[in-house]
Amino acid sequence: MKLKNRKTSEGEFFKLREEVLSQWETGKEVDLKEAVDYLKKVPDHMNFAKKLKKAKDEGVTLAQPRAGVGLLDKHIELMNYLSKEGGADLLPSTIDSYTRQNRYKECEIGIEDSIREGRSLLNGFPAVNHGVRGCRQVFENVDKPLQARHGTPDSRLLSEIIHASGWTSNEGGGISYNIPYAKNVSVEKTLYDWQYCDRLAGFYEEQGIEINREPFGPLTGTLVPPSTSNSVGIIEALLAAEQGVKSITLGYGQGGNLIQDVAAVKVLEEQAEEYLKKYGYKDCFVTTVFHQWMGGFPEDEAKAFGVISIGSMTAALAGATKVIVKTPHEAHGIPSKEANASGIRTTKMTLSMYEGQKMPISKELEEEMSVIRKETECIISKVIDVGKGDIAQGTVKAIENGIIDIPFGPSIFNLGKMMPARDNQGAIRYLVPGNLPFTKDILDYNRKKLEERGKYEKRDVNFKMTIDDIYAVSRGKLIGRK
Amino acid sequence: MKLKNRKTSEGEFFKLREEVLSQWETGKEVDLKEAVDYLKKVPDHMNFAKKLKKAKDEGVTLAQPRAGVGLLDKHIELMNYLSKEGGADLLPSTIDSYTRQNRYKECEIGIEDSIREGRSLLNGFPAVNHGVRGCRQVFENVDKPLQARHGTPDSRLLSEIIHASGWTSNEGGGISYNIPYAKNVSVEKTLYDWQYCDRLAGFYEEQGIEINREPFGPLTGTLVPPSTSNSVGIIEALLAAEQGVKSITLGYGQGGNLIQDVAAVKVLEEQAEEYLKKYGYKDCFVTTVFHQWMGGFPEDEAKAFGVISIGSMTAALAGATKVIVKTPHEAHGIPSKEANASGIRTTKMTLSMYEGQKMPISKELEEEMSVIRKETECIISKVIDVGKGDIAQGTVKAIENGIIDIPFGPSIFNLGKMMPARDNQGAIRYLVPGNLPFTKDILDYNRKKLEERGKYEKRDVNFKMTIDDIYAVSRGKLIGRK
Amino acid sequence: MQDKKTIVLGVIGSDCHAVGNKILDHALTEAGFNVVNIGVMSPQEDFINAAIETDADVIMVSSLYGHGEIDCRGMKNKCVEAGLEDVLLYVGGNIVVGKQEWKDVKYRFSAMGFDRIYPPGTTVERALEDLRADLYKEHKAAV
Amino acid sequence: MQDKKTIVLGVIGSDCHAVGNKILDHALTEAGFNVVNIGVMSPQEDFINAAIETDADVIMVSSLYGHGEIDCRGMKNKCVEAGLEDVLLYVGGNIVVGKQEWKDVKYRFSAMGFDRIYPPGTTVERALEDLRADLYKEHKAAV
Ligand code: B12
Ligand code: B12
């Protein structure tokens, strides 16, 4: 394995496939030729990439829940419930945590236990264990496009199985499904494995089948400064594009300051398109996804509805192509299907009240956009720099050195020196920049913003702010004021 | 009765009082001198006017529910529940519809029936029947300032009773509690009766007791163009100020277009202060209240939560001093106390996520502010004009002639020629201007905006749009698209 | 549709909710009925007098504000006394205080003598369907 | 506080939720405990080995992701086998799949041998109070 940002040749790819498909018995159900034929018959309204393109063209924001249970029939029931009772525009299938760790044997146990106890003991849908047969059964029994949503460092087999089953979108990426989700998996390995997933999507594209890919924007969901997650998203977009991916959805997790959130989504789309063009990927179609608040939720359901709505509204005003929906059960556990559907309905109501309404450009919005733009440029150009022009190699080094540093990332490969905190308007700033490659201007700006808050609250600007900010939303406030 | 906009002399006022207090037996419980002593002992945190002033100074938005039931003990229980379980910042007491019509005998029956059947058959708290004794019992058993919220054309006795009981705010006004709430009551009579209520508040102010007055901003709650409701609010503010009222809260009911809503609140405050100053009322303190969506609600509770949140958010971004809270039961009936509290919690969560965040000034916001400002100027200057300088007399004529014309107002004194509809962004415009005294520029602007929508929807610009718009929100959309 | 039927429309009691009333008027008229709209804040007597004067086929009572139960008591009796026993009596809106079990509410109004009882959010289409069924027996539906 | 007590802290199973773990580490250390944090994605064995090596007084297991019930099975037995029968076993986070009746959940984990079982949203203060009660018998509280 020698990681390089260059398109995997068909030869290499097919060699790798053999190994991948043998990782679990259901691998042999995947027949690429037959899969191409199957996918060619998927109607437009069931194709994820096409539905996103249509939404972007029409300027509407689609709503997508997260959901998945262990057993096949229950999962199909759940998907239909969310589509019909919730009004979901796009369907997910959240994959369980054992599958994410490629521990398919434990999935088997989880499935058996779930059958025996009559309740799902798995926290998601074990797609690999259910195989192409099971996944197609899901696809053939729903009325909206399907996407796998997971958090899997090595999702090669999973990707093979879901795409062959008519699921036309796959979430994840070499950074975003490693640092927040794994502890011991090297970045090099994950990037390499995600090149495979991207190459698979690219292969389908070559056959005229549109497959959507979506880097996971929110990362740890906890006080991630926009330029950190935007940089990761853009890098993963460039890596995907190199492997032939055309439909790319870039994500951002709500921070809570309306102007910063709108700015982040706008700059994300703008810079992604610029970078893709700059590096010669001319026919990519970029859409955006806004994640409703990804940090700790309030336990009270009424308050949770407030948090859900505020996210939907921001998504609409930012002009995001879709929004990922939380539920009133978020603080407690995997939601019941009823709670999940109610989250979608709240979201859809909010979205449709603001359909066509966008946040107008103002001095404040421009300033915020410009800050995020500059910070992101610093990060990405440094990544390319340390990679000596190769962005894949650069990413490995950048993470090692803390050029990319994801707050609270559990991975031992994450430097973890950077610390974020909210400023006096609730925007997320770099409190301890660690090794982030910022200019003095940027560092001063971040500091100034945080000092404003310190002064207002008459407190020192330090890590205590970060801790207070982490708890704040679950306790009913955006900013963890002293 | 000769209506004139001039302060009622103390002599006149005390003469009128005798008659007012004899309208129902509880009137004799009011002893003004004793009441002044009672009110002087009300601590600051229980004074409505003071709490509003503090909120405005601190830049926060307070949340106030609507609520009232027929029986005293149940009402006290309800108030405390909303304060403790809901987290209401200010307490209401919504008055029942018989009291609003001064039909105290029917209230008596309603109270008796409610006791017998063990459930409230009245749609609010019959404050006059409960008298000073009952109303003080409420006041002494709650921990937040109290306001009477009603819809009473002649609320003189009600005002006497509530203020003497320590309730330091009263909602209503000569236009806003007539046209939307009454059928046969002349405008002249209502304005006259509300001068009394204002004079009473003014009397207390003279004794050093701050009493807050709040014209009812949303009127019929149904597609009211901002300049219509703002004009009414400003006129009622001027009338109140003449009678010595110092603490004035002006209201606006959410329209649904974010920019228009923010613009409306900002211009309302700005113009009210200008007019008050212009007419020599120099020491008035103006605050604003934003009403969450006042039209037909969706039946689904999850959707209702979305509507509630979007209103809260708009209130926060507009910088309103308080927000009036709806509940997930809105489409069904008077809410249970649990539903009411959950509406408050959703609201408070949303407000505190946006605490300190305001909508920045943009070209779009400025344009909208300027339109509302100009329209309002046209209306108010014409009112003064037809009143030959007397704004009270002008108001009577203005309503007769449709210079002020409230959409769907049930009063036979309302002209009802004007028809509103939404434009392509959902902002409320004048579709049929009736007799509104607008310049050609303004009329053209309104027309142009509506034509944009007509073109987009490929439909004629006519009353069918209005009807579709009336139903839209309860069906999950802001605009009643074809 | 056969002959033009007459409907007396109004909002009962001290109730000022005017929007639904104006829309019902508009829609029923458009659907070909002869609508006699006595408007908001109408006592039982006004409904009955209007029905006598116009030889109405249906009285449609709206109540939104929560006092519907008190306001509608005895109305059927008054109709019968006035010789209007055959005039259909409909009621709709938000006819009781609060969100209650619909079947209980329906039972109580049914016992009061109403022929059709409608829950919050009833569409005009639904009302039209029932009117046609009841008045023209085109497709008789169970209440 | 008397002598310094040792706590082994970690997130069990394939669970990657790191935020609560980092905050618990910070807060327990600040409160004067000797915290041995084995981090996220830790198998039962890692908890037990750490407890043996550091002569721990408490093992605090976090599980957020929903597989807590599967991951915690048999842990008490392994502790006993390793001679750790006296080490307190706490568990907290979002320890089951979904929003379930808390008393049922508590019962199941209690039967598995856990000494203290915490629902979602447990504050650090609550944990500290219990730790002090259990370790220093300052104010013994019922579980
Ligand atoms: C942020 C988050 C994430 C981030 C985590 C980033 C990271 N690496 O840390 C990301 C996005 C990556 C993520 C992923 C997943 N998540 Co997650 N996540 C959350 C969320 C929103 C907040 C967690 C958090 O950080 N809270 C803040 C900290 C400070 O609080 P805490 O973790 O609860 O810990 C405190 C207390 O609980 C207590 N405590 C914790 N442990 C213990 C132990 C003891 C002994 C004591 C006394 C106290 C105690 O003290 C801590 C400090 O105050 C929660 C929901 C919520 N709570 O709102 C879901 C949640 C935990 N996640 C959930 C799930 C299912 C997942 C996924 C499996 C699937 C998915 N949705 O993608 C994956 C997990 C993959 C894996 N292998 O683990 C579920 C768990 C469901 C369940 N139990 O039924 C939750 C509850 C959301 C939900 N309702 O569905 N998640
Ligand atoms: C707008 C509104 C107001 C406006 C009314 C302006 C006006 N003059 O018209 C204002 C703000 C003034 C107001 C005042 C009050 N309101 Co109000 N109001 C509403 C609201 C939000 C919408 C009503 C509306 O216009 N809907 C749109 C129209 C098109 O629909 P509709 O009226 O329901 O009518 C349709 C159908 O119901 C049906 N229909 C109606 N009648 C009939 C009859 C028959 C036979 C049939 C077949 C069909 C039918 O067809 C109509 C057309 O489609 C409702 C709640 C809601 N629905 O969301 C509360 C609501 C009706 N109001 C309520 C109350 C309590 C009041 C007040 C007493 C107190 C207060 N909150 O201030 C006062 C009333 C004073 C009085 N004397 O009447 C309550 C009633 C409670 C209950 N029944 O338990 C409601 C339900 C809100 C709530 N949940 O508390 N209100």
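In what follows, every heavy atom counts, from backbone to side chain, and hydrogens, waters and symmetry copies are set aside. Below, read A as the first sequence line, B as the second, and so on, with proteins coming before strands; counting in each chain starts at 1.
Residue A:K358 places its NZ atom among more than 12 non-hydrogen atoms of other residues, nucleotides or ligands, all under 6.0 Å distant. Other residues, nucleotides and ligands place more than 12 heavy atoms under 6.0 Å from the CG atom of A:D57. Counting heavy-atom neighbours within 6.0 Å of A:K374 NZ, excluding the residue itself, gives a total of 12 or less.
In this structure, the separation between CG on B:L317 and CE on A:M313 is 5.5 Å, given to the nearest 0.5 Å.
Taking chain B as the reference chain and counting heavy-atom pairs below 4.5 Å, the highest number among A:Q425, A:Q357, A:E364 is found for A:Q357. Most heavy-atom pairs under 4.5 Å with chain B, from the set A:G356, A:S309, A:P298, A:A304: that is A:S309. Counting heavy-atom pairs closer than 4.5 Å to chain A, the top-ranked of the candidates B:I308, B:V307, B:T350, B:L258 is B:L258.
Pairing each heavy atom of B:G256 with each of A:Y354, the nearest pair is O-CE2, 3.6 Å.
Counting heavy atoms from C-beta on, the side chains of B:P360 and A:I259 come closer than 4.5 Å.
For a heavy-atom cut-off of 4.5 Å, chain A lies close to B:S342, B:R345, B:T346 in residues 337-348 of chain B. Residue-level contacts of residues 472-482 of chain B with chain A, in order of numbering, are B:V473, B:G476, B:K477, B:L478; threshold 4.5 Å between heavy atoms.
With sequence neighbours left out, the ring pair (Phe, Tyr, Trp, His ring centres under 6.0 Å) criterion links A:H332 to no other residue. With sequence neighbours excluded, the residues forming a side-chain contact (heavy atoms from CB on, under 4.5 Å) with A:E301 are A:P328, A:H329, D:K99, listed by chain and number.
Residue contact with chain A, scored on non-hydrogen atoms closer than 4.5 Å, involves the backbone of B:I361 exclusively. Neither the backbone nor the side chain of A:L351 comes within less than 4.5 Å of any heavy atom of chain B. Heavy atoms of B:N424 lying under 4.5 Å from chain A are absent altogether.
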